[in-house]
2 protein chains.
Amino acid sequence: MNVFVDDRVAITNSKKIYAIVDIFSKLVKKNQIGISHELNRILKLKSGSIVEVSASEISDASFLIKKKLNGGTLSEKDLSFIVSEIVHNNLTEAEIAFFTSAQKLNGMKFKETINLTKAMVKTGARLKFKGKYVANKHCIGGVAGNRTTPIVIAICASLGIKLPKTSSRAITSASGTADVIETIANVEISLKKIVKMIEKQGACLAWGGSLGLAPSDDKIIQVERLLNLDVEPQLLASIMSKKIATGAKYILIDIPYGHGAKVKDLASAKRLGRKFHKIAKHFKLKMKVIYTDGTQPIGDGFGPVLEMLDIIEVFKNNGPQDLKEKSIYLATELIKLCGIKNAKTKATESLESGKAYEKFKEIINAQNGKKNFNNKLKELKLAKFKKIIPAQKSGNITTIDNKGINSLCRILGTPETIAAGVYLHKHLEKIKKGEPLITLYSESRTKMKDAIKFLEEFKPIQIK
Amino acid sequence: MNVFVDDRVAITNSKKIYAIVDIFSKLVKKNQIGISHELNRILKLKSGSIVEVSASEISDASFLIKKKLNGGTLSEKDLSFIVSEIVHNNLTEAEIAFFTSAQKLNGMKFKETINLTKAMVKTGARLKFKGKYVANKHCIGGVAGNRTTPIVIAICASLGIKLPKTSSRAITSASGTADVIETIANVEISLKKIVKMIEKQGACLAWGGSLGLAPSDDKIIQVERLLNLDVEPQLLASIMSKKIATGAKYILIDIPYGHGAKVKDLASAKRLGRKFHKIAKHFKLKMKVIYTDGTQPIGDGFGPVLEMLDIIEVFKNNGPQDLKEKSIYLATELIKLCGIKNAKTKATESLESGKAYEKFKEIINAQNGKKNFNNKLKELKLAKFKKIIPAQKSGNITTIDNKGINSLCRILGTPETIAAGVYLHKHLEKIKKGEPLITLYSESRTKMKDAIKFLEEFKPIQIK
């Protein structure tokens with residue numbers, strides 16, 4: 001047929017769909033094709049069915065993407081079709097790349113962003129919960145550590161707010177919230193289980209990846225991360241569609257800003273914040289956007305296990321003060337947003353009294369399907385190689401670069417090696433020569449050497 | 001390792017290269033990897049060699065592509081690296097899509113286009129020929145039929161000009177020059193054979209696809225054609241790098257323009273032409289750009305066999321006048337460009353005396369490795385189903401849409417079915433009701449039906 005791997009063919013039976021060709025000469029015989037389970041959910045073919053396969057066809061979505069690339073505007077129907085083609089695997093990654101490039105370089109009108117969000121919600125599952133306070137939170141990322149989510153969720157859930165929280169795994173950072181929770185709990189839970197947990201525990205800390213909530217998002221992100229791209233309209237639509245799909249009515253968005261963060265200054269952060277507000281208003285959601293300091297990492301440990309240890313310490317009224325304070329701040333804002341009075345007092349009390357910790361244990365046990373929280377905690381271990389790096393001079397620590405800390409963790413083996421990572425003994429403060437600055441953890445001597453080399457070469461931490 | 005299909009890994013042995021992951025669980029055992037022949041040309045591994053594979057690494061070329069996507073300028077070194085990564089299969093199609101999008105939407109400076117061209121030449125094979133006149137021609141396409149190349153090449157070669165011509169197969173058209181030549185000759189010849197033919201016959205009509213001349217081009221085009229995109233800097237660099245790689249010093253570029261062509265008007269055509277001239281000047285090449293009428297198809301037959309029949313008729317002093325005239329015009333300009341006097345007379349004489357036809361036969365026989373031109377010609381057959389479509393009213397034919405004719409041919413089965421296609425009985429001229437307008441050829445009744453439906457629905461030919 002003159003088709004090659006990655007070419008597109010149209011397969012026609014009762015319906016016509018587009019599919020990307022792969023060639024496995026031994027799997028199928030002449031005049032036979034094999035199709036993926038995903039495609040067969042649409043075509044519903046049985047073994048032996050006759051289909052018509054025609055070559056070189058271009059999905060109509062391609063024309064729409066080209067239209068956007070040429071500066072055109074996409075309608076609700078256009079965007080709905082593109083997103084549905086992405087979800088049904090009818091577009092190649094290259095075409096998705098063209099789509100995100102077009103968004104990045106030609107921008108999207110407000111109406112387009114709204115319609116993209118709608119399309120992303122519509123093509124996936126959607127949760128609905130009864131009850132007054134169904135809320136969610138999201139941080140746009142860029143700050144190393146900053147693992148407030150488990151603490152905020154536990155505080156708010158302990159106060160009766162429902163939080164169907166889904167998180168991602170690390171893309172470029174040391175670890176994602178899902179990676180951190182996974183050190184002690186099963187995060188790959190089903191939608192059914194989430195619904196049950198929201199009823200019973202009031203919250204969950206699930207991995208969002210395989211739930212089918214705004215599923216186009218995962219495919220688009222997979223392409224964007226090739227270049228570690230941030231495409232603003234896509235970012236807005238991705239975040240908002242996921243939150244809408246979880247059924248949230250109250251949404252808190254955290255935009256860290258400053259040198260070394262994703263957003264460089266407060267003005268840019270507020271510009272982005274206004275866009276979030278506008279979308280929230282359109283979908284009749286209550287939203288609060290907060291602008292937080294993104295110039296240095298938050299917490300002391302970086303890497304899945306190290307971050308979980310920080311979280312546990314905060315629950316036990318120890319642990320990094322910055323992480324504790326930010327968590328209380330976020331929880332307070334989310335409680336306020338739901339219209340509950342004395343938010344700050346309630347948030348602080350919940351955390352300091354251990355009520356939040358109890359809720360957290362409840363959530364973890366529910367996700368594991370058994371009361372094994374204490375055992376899981378005992379099993380947490382740090383990596384076998386440990387290297388304390390002392391300050392090479394006395395002075396003020398002026399820079400702790402977020403990206404540098406993340407890269408350092410990656411070199412040490414995170415997120416795959418959950419026990420690897422970095423422990424930061426000091427933040428932006430005074431230090432004396434010889435005092436411990438950071439400790440590196442790794443399961444591999446080579447990686448440890450590479451990390452020390454990286455530290456020396458790129459100097460992510462600077463003392464002046 | 002937490003890597004999935006299409007993820008990137010770094011493979012380190014004596015060298016470090018990036019590769020895209022595919023997963024064949026039965027082909028390799030645990031702790032084994034298989035690598036492609038292409039990669040092994042660089043790594044030179046033997047079965048059983050130990051390599052280090054690490055996940056999630058991003059090719060440095062990604063950072064450069066991102067730089068361009070963010071509006072930056074790429075240096076010679078940057079472009080050289082990106083192109084080399086494309087050639088070595090170290091970039092995914094999605095990354096190539098980002099690269100071409102960035103070029104399309106942010107544009108390229110002249111210097112960048114030059115450096116891209118250089119990089120594309122440098123990463124492939126390059127031919128060098130002795131002798132005064134080494135020339136080449138290129139048409140940017142968009143006009144259905146328009147198969148002047150074999151005629152122009154034969155005329156010019158009969159006059160002593162050396163023409164190492166490589167052509168492409170059809171991408172979106174009814175057929176490419178390589179498809180047409182392939183109806184009677186082997187077009188997949190080696191570089192070695194081309195060199196021999198240029199010495200002996202003075203010209204060739206080869207398929208450019210697997211020769212390794214500016215090889216990045218094929219991969220970039222593969223991505224662009226997903227959206228049928230034309231990215232100007234890439235177009236310039238692609239065409240010029242291919243011509244430079246063939247060793248040409250005299251280059252004729254044909255830019256058809258007008259409604260229904262790729263370039264909409266003369267002003268745009270000239271704008272593009274000036275860019276070609278500027279690049280040619282930089283590389284010290286003699287260039288002539290001609291601007292031709294692109295508003296209607298050229299020739300009567302469309303589809304590989306039908307176009308070959310037109311060409312043979314022109315060589316025999318019959319055949320479509322428009323094709324004959326345009327071929328003589330192009331040949332004349334190319335002969336003039338080489339500084340040979342009385343170009344028009346010489347071109348016309350060569351064609352009308354049969355000298356060009358003899359040269360054409362010589363080229364075909366050389367490519368086939370035996371004198372079988374007449375047999376090959378006799379074997380040419382049109383498709384078994386034939387349908388003459390008469391004019392539905394009397395009047396002037398006002399439109400014959402190039403894209404419409406190409407789509408019609410595609411529906412009828414071209415280029416895969418070489419005997420399929422369209423024969424046009426009239427061009428933009430008067431016609432009486434009931435006179436034959438076009439004839440459709442196909443090997444499939446269904447396709448014939450689809451084609452008639454297309455004709456009725458999209459009316460690529462209009463009578464007023």
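Note on naming: letters A, B, ... go to the chains in the order of the sequence lines (proteins, then strands), and numbering restarts at 1 for each one.
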Mind listing the closest non-hydrogen atom pair of [X] and [Y] along with its distance?
X: B:F98; Y: A:S101; answer: CD2-OG, 3.0 Å
X: B:A94; Y: A:A97; answer: O-CB, 3.3 Å
X: B:L105; Y: A:A102; answer: CD1-CA, 4.2 Å

Separation between CD1 (B:I96) and CD (A:E93), nearest 0.5 Å, reads 12.0 Å
Distance col, row A:D230:CG vs B:K66:NZ, nearest 0.5 angstrom, shows 7.0 Å
Does [atom1] in [X] sit with more than 12 non-hydrogen atoms of other residues, nucleotides or ligands closer than 6.0 Å?
X: B:K67; atom1: NZ; result: yes
X: B:K449; atom1: NZ; result: no
X: B:K109; atom1: NZ; result: no

With sequence neighbours left out, the residues meeting salt bridge (Lys or Arg N to Asp or Glu O under 4.0 Å) with A:K104 are none
Should B:L227 and A:F63 count as side-chain neighbours, where that means a heavy-atom distance under 4.5 Å?
no
Across all chains, not counting sequence neighbours, the side-chain hydrogen bond (donor to acceptor under 3.5 Å, both in side chains) partners of B:T177 are B:R147
Whatever's closer than 4.5 Å to a heavy atom in chain A on B:L69 counts as both
